[in-house]
Chemist: 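One structure follows; several queries about it will come next.
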Amino acid sequence: MNRKFVLNNCSLCVMIFIQTTTIRGDKILIEGLNKLNPMQREAALHKDGPLLILAGAGSGKTSTMTIRIAHLIEDEGVSPYNILAVTFTNKAAAEMRERIEALVGSKANRMWIFTFHACCLRILRRDADRLGYKPDFAVYDTTDQKVVIKRGIKEFSLDEKKYAPNYVLSIISKAKEKSMTATDYQAAFGQNPQYAAVAKIYTYYEEVLKRNNAMDFDDLIFNAVRLLRGNQDVLAYYQERFKYIMVDEYQDTNALQYQFVKMLSDAHDNLCVVGDDDQCIYQWRGADIRNILDFEHDFKDTKVIKLEQNYRSHKTILDAANSVIKNNTDRKSKKLWTDAEDGEKVSYRIVDNEKDEARYIAREITSLVDGIDLNSTAAKLGASWVNSSLLDGGREYRDMAILYRTNAQSRALEEALIYSKIPYKLVGGVRYYDRKEIKDMMSYMRLIINPDDDLALMRIINEPKRGMGAKTLEKLEAWARSQDKSILNLLQNQEVIDSLSAKSQPLVKQMVEAITKYSSIFNLNSNENQESESDSDSLSLDDIRLEDMYDDLLVSTGYLKGLEVQETVESEGRIENLMEFKTVIAEYEKGEEANGEVASLSGFLEKVALVADVDNYNQNEDAVTLMTIHSAKGLEFPVVFLAGMEDGLFPTTRSMEAEDGIEEERRLCYVGMTRAKEKLYLLRAKGRTIYGRYNRMLESRFLKEVDVNTFDKVAMPGQDETGMFHGAMGGEDGRVKPGASLGGMSSSNLYGSDSTNTKFATFNSASSVAKKIKTSVAGKNAASGDLHVAKGDKVRHAKFGEGLVMDTDEKTITVMFDSEGKKKLAKGFAPLTKI
DNA sequence: GAATAAATTGTTTTT
DNA sequence: CAATTTATTC
């Protein structure tokens, strides 16, 4: 077909489309606009030229943005194809797409709504060759990065103390943010011996990633900018395409992201950024608050609109938050206000230690849900705890969130929630995908797509054990280097296999074949031009399900077997996780098919590489949420507990030393407080165990900044019961007073949370906390042998639900479950309760 | 080469 | 405290 003809035809269609909708748009504007307040509407109606929306917490930012986009499409005749919206999390992107789709329908699909990283990745896949990468390049996460750095440190026999991987990594990251390659860095800092060594590692790091056909997170942005900068035609293409660009959470952009956005918007100048300088909490990761503060100067004729009306919180909470943030100096003048009523006072509580804190929160949650009987023990615990909200109850677990500064704090909280039978879900901590067994299987899959990934290969070549020790690997590496091949590539030669030890040979060969089998299938299908006469026997992409491939890999690589023979609690847990991972893969596959797309392995790997834990978080299940304040940005809850308001923890000691550290921490505090809609609790412990050492803690300086009029009367900042000066911070060795035991809790009740704990809790590392608690309880339960059931009894199982006892003997109980059918269970170990 | 024991080190926050 | 790295033994 004639290319020219196609083009003309297309532009004609677009013209007709624009005309008709514009005429219509002059009269009927989309409905959502009516629901906006005057400022929001002004922002939504703004069409051309730079626009800065300063949107305070809870000011209806997302509605304004989505309606603006819908208005552009429906009323202004802008094609969704010409719109780009960039966010920081996949969750935010998904939500925006969903809401726009609700307004304009399926044509929203044509819009690019991505995270910075996903957006850049997409651009890079298309033109990776221009930067010397192959299109199937891998994305390295922090763990991968560290491995490379460590090898570099060894390579140059440098001191790992002086050049800690984290330290080197942060330097490299900062260099990339300033658009400095290893060569640039060497030229700039090479004179200083310390930095010269870092430059050497950086150079090595750059080489390894390039050779492995891989990019790290920073590279995604850096290389996208380089691609656009160095290739006028590519830049022109995207500039022409993205006539309207929106950036969410603009206060968190770094220098590279700024350049990326600036370049893309340069042709049409239709850049709309939304953000709140008071919520910039990622400076430590390179976010440059000046991007939002200087936006008006960087982009000529910027229109600035402030959204200052808060629709989220009661006035008391807002007053409290405002009284804290006003202590920051460098901010745009902006003051949140609300029509809402005062609402409940902020609860401030001083507790003894982290366990006490957790117990207090757990009790409070129970009261908020169940209400409180003044004659009950809970009331006897102290009149000081009774306030109006306690009496009525009626809250749901999902209304509540416990937020904290560091992930480590979740432990004590989890324990208390489990003991109190409170369902919770934990977001964050160790990423599910960072687990060893998951990373291993991912490495196998990565190699299928990208055979150059030596890092992935080294990771799994002896996992399961194939008798490949350090010496052999060294030899292989040198060999591969000399031939300028990847190690996997090298291992595809029979002579190389022959050079291995006798017991390694068949094992390694089998593994290489397992990987190669699938890479040939996938490569055949990704090159659509090569639609050769398909040999009837070989598999094609359509025939193979990712799920089945995964199963096959588990077996043919010997990975599953390797775990099975270990027969330890640990290996069983790993197998369990691998099975869960299969579900993840299957769900991805289903999701893609539902969207009418073909699920691809590379698509899956990509998705996994770029997801954060928050992305999977949904507020539907009835469970209390536990997460860091960082993760909570953008979310809201009727009731919020801010735990650990102590100097040294929040703000952290480190931030107290840094230049603008306190201001960033204060913004974080502000973010935390403004998550609450109706009720805010601030908790502070007098002492806390950190690294297994007990430390006395001082009240957080932020607590002192809160307007005392917003507090309830029970306790005030600055008033320790002791009324004494605090000594110097930390260091004091001692033991935590054994807290009052959680009396009155029958052990059989402890399983209550299991069925309600979400998949999330079981996915995350902190679930190990849950598991440990449960196993210890199970042990006690068995020892006490207090479960007496007979045929005909009704029982409840933590996982299987209710059922009827069919038969019992010395060791086992046979139960017919309502939903799961008949099961034989081990007496004393199965989490059973008589009902 | 692999399985144990001993020693060390780290906690902010995450796309 | 617990996760990870190093040393030691088999």
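Since we're looking at a predicted model, the values are computed, not measured. To find a chain, count down the sequence lines: A is the first, B the second, and so on, and within it residues start at 1. Because only heavy atoms are used, hydrogens play no part in the values below, and waters and symmetry mates are left out as well, while side chains stay in.
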Chemist: Assign Asn462(A) to base, sugar-phosphate, or nothing according to its heavy-atom contacts below 4.0 angstrom with the strands shown.
Modeler: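 Sugar-phosphate only.
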
Chemist: Write down the distance between CD (Glu570(A)) and C1' (dA3(C)), rounded to a whole number of angstrom.
Modeler: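 My rounded result for the distance is 12 Å.
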
Chemist: I want to check one thing: is the phosphate of dT14(B), taken as OP1 and OP2, less than 4.0 Å away from some side-chain N or O of Thr142(A)?
Modeler: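 No, because none of the side-chain N or O atoms of Thr142(A) sits under 4.0 Å from OP1 or OP2 of dT14(B).
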
Chemist: Between dA3(B), dA2(C), dT14(B), which nucleotide gets closest to the side-chain atoms of Lys465(A)?
Modeler: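 Comparing dA3(B), dA2(C), dT14(B) against the side chain of Lys465(A), the answer is dA3(B).
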
Chemist: When you check the phosphate oxygens OP1 and OP2 of dT13(B), does a side-chain N or O of Arg654(A) lie under 4.0 Å from one of them?
Modeler: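 Looking at the OP1 and OP2 atoms of dT13(B), neither is under 4.0 Å from any side-chain N or O of Arg654(A).
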
Chemist: Considering only atom P, compute the distance from dT4(C) to dT13(B) and round it to an integer number of Å.
Modeler: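 dT4(C) and dT13(B) have their P atoms separated by 14 Å.
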
Chemist: For Asn166(A), report the nucleic acid contact type (base, sugar-phosphate, nothing); a contact means any heavy atom under 4.0 Å.
Modeler: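 It contacts sugar-phosphate atoms only.
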
Chemist: Trp284(A) stacking on dT13(B): centroids under 5.5 Å, ring planes under 30°?
Modeler: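 Here the ring of Trp284(A) and the base of dT13(B) are stacked, with centres under 5.5 Å and planes under 30°.
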
Chemist: If you pin His630(A) and Ala470(A) to their nearest nucleotides in DNA chain B, which one's is more 5'?
Modeler: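 So the residue in question is Ala470(A).
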
Chemist: Closer than 4.0 Å, any side-chain N/O of Lys633(A) to the OP1 or OP2 of dT14(B)?
Modeler: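 Result: no.
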
Chemist: Looking only at side-chain N and O atoms, does Asn254(A) come under 4.0 Å of OP1 or OP2 in dT15(B)?
Modeler: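 So the side chain of Asn254(A) is outside the cut-off, no N or O lying under 4.0 Å from OP1 or OP2 of dT15(B).
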
Chemist: Determine: side-chain N/O of Ser504(A) to OP1/OP2 of dG1(B), distance under 4.0 Å, yes or no.
Modeler: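 Result: no.
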
Chemist: At under 4.0 Å, does any side-chain N or O of Lys161(A) touch on OP1 or OP2 of dT9(B)?
Modeler: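 The answer is yes; a side-chain N or O of Lys161(A) sits under 4.0 Å from OP1 or OP2.
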
Chemist: Using a cut-off of 4.0 Å on non-hydrogen atoms, how would the nucleic acid contact of Lys146(A) be classed: base, sugar-phosphate, or nothing?
Modeler: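 If one applies the 4.0 Å heavy-atom cut-off, Lys146(A) turns out to touch nothing in the nucleic acid.
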
Chemist: Given Asp278(A), which partner from the list Arg667(A), Arg331(A), Arg666(A), Lys633(A) fulfils the salt bridge (charged side-chain N to carboxylate O under 4.0 Å, His left out) test?
Modeler: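 Result: among Arg667(A), Arg331(A), Arg666(A), Lys633(A), Arg331(A) is the only option passing the salt bridge (charged side-chain N to carboxylate O under 4.0 Å, His left out) with Asp278(A).
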
Chemist: Between Asp252(A) (CG) and dT13(B) (C1'), how many Å, whole number?
Modeler: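 About 12 Å, once rounded to whole Å.
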
Chemist: Measuring from the side chain of Tyr691(A) (C-beta onward, heavy atoms only), which nucleotide among dT13(B), dG10(B), dT15(B) has the closest atom?
Modeler: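 Minimum distance to the Tyr691(A) side chain belongs to dG10(B).
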
Chemist: Figure out the CG/C1' separation between Asp660(A) and dT13(B), and round it to whole Å.
Modeler: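 Asp660(A) atom CG is separated from dT13(B) atom C1' by 17 Å.
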
Chemist: Once you round it to whole Å, what is the distance between C1' of dT6(C) and CG of Asp159(A)?
Modeler: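 Nearest whole value for this atom pair: 15 Å.
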
Chemist: Find the distance Glu606(A):CD to dT15(B):P and express it as a whole number of Å.
Modeler: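 Result: 17 Å.
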
Chemist: For Asp288(A), check salt bridge (Lys or Arg N to Asp or Glu O under 4.0 Å) against everything at least two apart and list the hits.
Modeler: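 Applying salt bridge (Lys or Arg N to Asp or Glu O under 4.0 Å) to Asp288(A) gives none.
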
Chemist: Can you run down the side-chain hydrogen bond (donor to acceptor under 3.5 Å, both in side chains) pairs that involve residues 214-224 of chain A, sequence neighbours left out, and say none if there aren't any?
Modeler: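 Sorted pair list: Gln145(A)-Asp216(A), Ser173(A)-Asp218(A), Lys176(A)-Asp216(A), Lys176(A)-Asp219(A), Tyr205(A)-Asp216(A), Asn223(A)-Arg226(A).
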
Chemist: Could you verify whether a donor N or O on one side chain and an acceptor N or O on the other, from Thr625(A) and Tyr617(A), lie under 3.5 Å apart?
Modeler: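 Yes, because at least one side-chain N or O of Thr625(A) sits under 3.5 Å from a partner of the opposite role on Tyr617(A).
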
Chemist: Using the ring of each side chain (for Trp, its six-membered ring), is Phe114(A) parallel, tilted or perpendicular to Trp112(A), with breaks at 30° and 60°?
Modeler: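 If you compare the ring of Phe114(A) with that of Trp112(A), the planes turn out perpendicular.
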
Chemist: When you check the phosphate oxygens OP1 and OP2 of dT14(B), does a side-chain N or O of Ser631(A) lie under 4.0 Å from one of them?
Modeler: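 Affirmative; the distance criterion is met.
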
Chemist: Between C1' on dT13(B) and CD on Glu663(A), what's the gap in Å once rounded to a whole number?
Modeler: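 After rounding, the reported distance stands at 18 Å.
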
Chemist: Look at the side-chain N and O atoms of Asn90(A) and state whether any lies under 4.0 Å from the OP1 or OP2 oxygen of dT15(B).
Modeler: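 No, no such contact exists.
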
Chemist: When you get a sec, tell me which of dA3(B), dT14(B), dT15(B) is the closest nucleotide to the side chain of Thr115(A)?
Modeler: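 Closest nucleotide among those given: dT15(B).
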
Chemist: Using whole Å, what does the distance between atom C1' of nucleotide dG10(B) and atom CG of Asn407(A) come to?
Modeler: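 In whole Å, dG10(B) C1' lies 14 Å from Asn407(A) CG.
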
Chemist: Calculate the interatomic distance between Met468(A) atom CE and dA2(B) atom C1'; express it in whole Å.
Modeler: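 That distance rounds to 15 Å.
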
Chemist: Determine the interplanar angle of the His117(A) and Phe217(A) rings, folded into 0 to 90°, and report it as parallel if under 30°, tilted if 30 to 60°, perpendicular if over 60°.
Modeler: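 If you compare the ring of His117(A) with that of Phe217(A), the planes turn out perpendicular.
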
Chemist: When we call it a touch if two heavy atoms are under 4.0 Å apart, what does Lys503(A) touch: a base, just sugar-phosphate, or nothing?
Modeler: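 Nothing, no nucleic acid heavy atom in range.
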
Chemist: Can you work out whether Gly467(A) or Ser655(A) has the more 5'-proximal nearest nucleotide on DNA chain B?
Modeler: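 Its nucleotide being nearer the 5' end, the pick is Gly467(A).
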
Chemist: Taking dT6(C) as the reference, what is the distance to dT11(B) when you measure between their P atoms (whole Å, please)?
Modeler: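 My reading of the P atoms in dT11(B) and dT6(C) gives 16 Å.
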
Chemist: Quick one: label Thr87(A) by what it contacts on the DNA or RNA (base, sugar-phosphate, nothing), any heavy atom closer than 4.0 Å.
Modeler: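 Counting heavy atoms under 4.0 Å across all strands, no contact is made by Thr87(A).
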
Chemist: Where the side chain of Lys471(A) is concerned, which of dA2(C), dG1(B), dT13(B) is the nearest nucleotide?
Modeler: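 From the listed options, dG1(B) comes nearest.
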
Chemist: So what does Phe88(A) hit on the nucleic acid, given a heavy-atom distance under 4.0 Å: a base, only sugar-phosphate, or nothing?
Modeler: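 If one applies the 4.0 Å heavy-atom cut-off, Phe88(A) turns out to touch the sugar-phosphate alone, with no base involved.
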
Chemist: Is a donor on one side and an acceptor on the other found under 3.5 Å between the side chain of Asn462(A) and the backbone of Gly467(A)?
Modeler: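 Side chain of Asn462(A) to backbone of Gly467(A): a pair is present.
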
